[in-house]
Amino acid sequence: MSDTPIPDLPRRDFIRELVADDVATGRFGRPPATRFPPEPNGFLHMGHAKSICLNFGIAREFGGTCNLRFDDTNPFTEEMQYVEAIKRDVEWLGFKWDGEFYASDYFEQLYDIAELLVKKGKAYVDDQTEEEIRTNRGTVTSPGTPSPFRNRSTDENLDLLRRMKAGEFADGACVLRAKIDMAHPNMIMRDPLLLRIRRGAHHYRRGTSWHIFPLYDFAHGLSDAIEGITRSLCTLEFKDNRDIYDWLVEHAGFTDPPRQIEFARLELDYTVLSKRKLLRLVNEGHVSGWDDPRMPTIAGLRRRGVRPEAIRDFAEVIGVARKDARVEIASFEHAVRNDLNMEVPRVLCVLKPLKVVLTNYPEGRVEMLEAQNYPHDVPKTGTRQIPFSRELYIDRDDFMEVPAKKFFRLSPGSEVRLRFGYIIKCEELVKDAAGNVVELRCTYDAETKSGGANSDKKVKGTIHWVSAAQALSCEVRLYDRLFSIPDPDDVPEGQDFISALNPDSLVVIPEAKVEPTVGQDPVGTRYQFERAGYFMSDVEDSRPGKLVFNRIVGLRDSWAKEVKKG
RNA sequence: UGCCCCUUAGCUCAACUGGCAGAGCGUCUGACUCUGGAUCAGAAGGUUCCAGGUUCGAAACCUGGAGGGGCAACCA
């Protein structure tokens, strides 16, 4: 080991720096406290995964706590099914929250703070219409104009606020606003709205008994303060909201308040990370649901076969910064392969079957060949027996009637090794009436059996295969990126991200052929189909008699590069 | 023409309070040989947006400029 000093605490990014400083200086007088605050109005996606890994990771690394808090202040969009999905996803990612809280449980406390602010002359009830409020806020370059109701007496404000709470007013009749500065350079500080009336709304946890709902700015920082959060981590677009966050926490009387830190949200190539857009994909039927394997949702990735380890590794690699970060999808795919490479067994599956008959192999004979479950460089062991016989299937792509340069697989007269088996030679083609190759007639070299005494004969290529009689038919779903361009929002004027959808994001192969050894494996088993990619049997649709596999991710494709080079 | 943030390798991003500019991906080269679409190793690649300034020393601090982004929902 070198003599490099080992830091007491992890210091990987600017946020962990700050937290480490908090710990070192005892700034908060308690262990770091973070929270993950989703609104239960949709499923969690990769962007949330980044935030989850950050918030829970910091708590874990620094011996602090991390709460799961549902920011459920909008009765129109929130549902119990989403809180259940969110909890499932966080757990699946490998994190356990300390406290499980709901902003809707704080409505009473928030109301008390509202009264407090009114009494301090820091808030007032405004009767202006929504339109008037918007207009009077001014613009980024011109100051707003104060509401005619801005200077109501404390008693009048209090009376009005209580009647708002009692449900005496219709939606939109009035709102509670903070009294700050209508000329503030930060638009958010121009008397921001605190409470709005939703008298008829049905809140999924509060029913219809509660009539006034806090807005994000009013609920968020105060919820953090109530829970004793030390560092409130959020994305960059909330930077301007930090002023109102601090203002409210201070005027509500919290000493030792939480501090907001902003970091860049994740943007991933060839997909969208916005609950609003993902909701549209679901509602308009462009995908089969929130857990469609093409979705960048946690549920979608899980269904596809990605492991939580890969997502955590990916979050680690991309890090956190103060600058918007568009990450290449290749980087994510790399993390997925990296994880699966060391974990999953190899099997042989022929995606596009082409029949091969070994003319010099005895009819009716079946021999079992020993196949390694892991390659030499993966520290796992295990073998299995796979049947070999006169009639086989190989992949159509492993044969070229007129071989391209550097094509080392099968072509008329060429030799190739069958993985774990023999070297075969292509002697003859069988074509249909249209001239398509429908069968290859080959001979095998009995001396070249894999692992045998004379198996050291060299050939340039090794291909995968299955024995025709014993192979299992299966459906294979080849998933690809959901959008055909890196930034789905970068479309011509008048179009939106829907027009950038990749029409080939799902290609179904109804009848692929897989070796029989996978027949007894439970659904949800992951494999590498050698030379094809990583796959998992679909947890919803796969059954013993009808296997269905999802492609998690392909292998790194250097043959495609070779083809491109010509 | 307000406030705030950002600009570092081909790409995406790091670099604690100023101290020899790093990583991943990609690219190229090599190794292995029963995954030649796996894996492993190595290499190339930089005027740190521009112009000044402070400093023994600047990617970092100051001034000015250019380019990109966020903010004017009774969403979060």
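Throughout, a chain's letter reflects where its sequence line sits, starting with A, and its residues are numbered from 1. Below, each value reflects all heavy atoms present in this structure, side chains not excepted, and no hydrogens, waters or symmetry copies.
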| message | Quick check: A/Phe388 with A/Phe420 (ring centres under 6.0 Å apart)? | response |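 When the ring centroids of A/Phe420 and A/Phe388 are compared, they turn out to be at least 6.0 Å apart.
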
| Residue pair A/Glu79, A/Asn41: steps toward the side-chain hydrogen bond (donor to acceptor under 3.5 Å, both in side chains) verdict | CA-CA 6 Å; A/Glu79 296 175 30; A/Asn41 65 347; over 6 Å; no

| said: A/Tyr106: which residues meet the ring pair (Phe, Tyr, Trp, His ring centres under 6.0 Å) condition with it, sequence neighbours left out? | reply: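 Not a single residue meets the ring pair (Phe, Tyr, Trp, His ring centres under 6.0 Å) criterion with A/Tyr106.
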
| field | Residues forming a ring pair (Phe, Tyr, Trp, His ring centres under 6.0 Å) with A/Tyr111, sequence neighbours excluded | value |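 Partners of A/Tyr111 by the ring pair (Phe, Tyr, Trp, His ring centres under 6.0 Å) criterion come out as none, since no residue qualifies.
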
[X], nearest nucleotide to its side chain (from [options]):
{"X": "A/Glu328", "options": "B/rG24, B/rG36, B/rA76", "answer": "B/rG24"}
{"X": "A/Thr462", "options": "B/rC74, B/rG36, B/rC25", "answer": "B/rG36"}
{"X": "A/Thr139", "options": "B/rG24, B/rA76, B/rA72", "answer": "B/rA72"}
{"X": "A/Ala330", "options": "B/rC74, B/rG24, B/rC25", "answer": "B/rC25"}

| task | Classify every nucleotide of nucleotides 2-7 of chain B by which part a protein heavy atom approaches to under 4.0 Å, writing B for the base, S for the sugar-phosphate alone and - for neither, in 5'-to-3' order. | result | BSSSSS

Over how many whole Å does the gap from [X] atom [atom1] to [N] atom [atom2] extend?
{"X": "A/Phe314", "N": "B/rC13", "atom1": "CZ", "atom2": "P", "result": "11 Å"}
{"X": "A/Glu132", "N": "B/rA73", "atom1": "CD", "atom2": "C1'", "result": "17 Å"}
{"X": "A/Ile463", "N": "B/rA38", "atom1": "CD1", "atom2": "P", "result": "17 Å"}
{"X": "A/Asn338", "N": "B/rA38", "atom1": "CG", "atom2": "C1'", "result": "13 Å"}
{"X": "A/Glu415", "N": "B/rU33", "atom1": "CD", "atom2": "P", "result": "19 Å"}
{"X": "A/Asn341", "N": "B/rG37", "atom1": "CG", "atom2": "C1'", "result": "14 Å"}
{"X": "A/Asp395", "N": "B/rU35", "atom1": "CG", "atom2": "C1'", "result": "13 Å"}
{"X": "A/His334", "N": "B/rC40", "atom1": "NE2", "atom2": "C1'", "result": "12 Å"}

| query | More 5' along RNA chain B: A/Gly319 or A/Arg346, using each one's nearest nucleotide? | reply |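 So the residue in question is A/Gly319.
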
| 5'-most contact on RNA chain B: A/Asp269 or A/Asp398, nearest heavy atom basis? |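 Per heavy-atom nearest nucleotide, the more 5' residue is A/Asp269.
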
Taking the [atom1] atom of each, how far is [N] from [M], in whole Å?
{"N": "B/rG22", "M": "B/rG64", "atom1": "P", "value": "32 Å"}
{"N": "B/rU39", "M": "B/rG45", "atom1": "C1'", "value": "25 Å"}
{"N": "B/rA38", "M": "B/rC75", "atom1": "C1'", "value": "48 Å"}
{"N": "B/rC20", "M": "B/rG46", "atom1": "C1'", "value": "15 Å"}
{"N": "B/rC32", "M": "B/rG36", "atom1": "C1'", "value": "11 Å"}
{"N": "B/rU7", "M": "B/rC11", "atom1": "P", "value": "15 Å"}
{"N": "B/rG42", "M": "B/rA23", "atom1": "P", "value": "11 Å"}
{"N": "B/rC5", "M": "B/rA41", "atom1": "C1'", "value": "41 Å"}

| query | Is it true that A/Arg199 and A/Asp171 make a salt bridge, defined as a side-chain N closer than 4.0 Å to a carboxylate O? | reply |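 Salt bridge: no.
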
Classify the nucleic acid contact of [X] as base, sugar-phosphate or nothing, counting any heavy atom under 4.0 Å across all strands shown.
{"X": "A/Phe238", "value": "base"}
{"X": "A/Asn241", "value": "base"}
{"X": "A/Glu267", "value": "nothing"}
{"X": "A/Gln372", "value": "nothing"}
{"X": "A/Arg198", "value": "base"}
{"X": "A/Thr73", "value": "sugar-phosphate"}
{"X": "A/Arg326", "value": "sugar-phosphate"}

| message | I'd like to check the salt bridge (charged side-chain N to carboxylate O under 4.0 Å, His left out) partners of A/Glu237; sequence neighbours left out, ordered by chain and number. | response |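 Applying salt bridge (charged side-chain N to carboxylate O under 4.0 Å, His left out) to A/Glu237 gives A/Arg265.
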
| field | By salt bridge (charged side-chain N to carboxylate O under 4.0 Å, His left out) - contacts of A/Glu78 (at least two apart) | value |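 Salt bridge (charged side-chain N to carboxylate O under 4.0 Å, His left out) list for A/Glu78, sorted by chain: empty.
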
| field | Within residues 340-352 of chain A or reaching into it, pairs that qualify as salt bridge (Lys or Arg N to Asp or Glu O under 4.0 Å) - sequence neighbours excluded | value |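 Listed once each, the pairs are A/Arg307-A/Glu343, A/Glu343-A/Lys380, A/Lys352-A/Asp397.
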
| With sequence neighbours left out, which residue pairs that include part of residues 138-149 of chain A fulfil the salt bridge (Lys or Arg N to Asp or Glu O under 4.0 Å) condition? |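 Output for this query is empty, none listed.
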
| request: Start with the C-alpha gap between A/Ile197 and A/Val175, add the side-chain angles, then the distance that decides, and say whether side-chain contact (heavy atoms from CB on, under 4.5 Å) holds. | output: CA-CA 7 Å; A/Ile197 300 170; A/Val175 292; over 6 Å; no

| request: Could you tell me which residues satisfy side-chain hydrogen bond (donor to acceptor under 3.5 Å, both in side chains) with A/Asp480, sequence neighbours excluded, listed by chain and number? | output: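 Per chain and number, A/Asp480 pairs via side-chain hydrogen bond (donor to acceptor under 3.5 Å, both in side chains) with no residue.
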
[N] phosphate, OP1 or OP2, under 4.0 Å from [X] side-chain N/O:
{"X": "A/Arg409", "N": "B/rU35", "result": "no"}
{"X": "A/Arg196", "N": "B/rC75", "result": "yes"}
{"X": "A/His464", "N": "B/rU35", "result": "no"}
{"X": "A/Arg337", "N": "B/rU35", "result": "no"}
{"X": "A/Arg531", "N": "B/rG36", "result": "yes"}

| field | Dot-bracket line, read 5' to 3' along RNA chain B, where crossing pairs take [ ] and | marks a partner on another strand, Watson-Crick or G-U under 3.5 Å | value | .((((((..((((.....[..)))).(((((.......))))).....(((((..]....))))))))))).....

| query | Parallel, tilted or perpendicular for A/His220 and A/Tyr245, by the 30°/60° rule? | reply |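 The arrangement is tilted - the two ring planes meet at 30° to 60°.
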
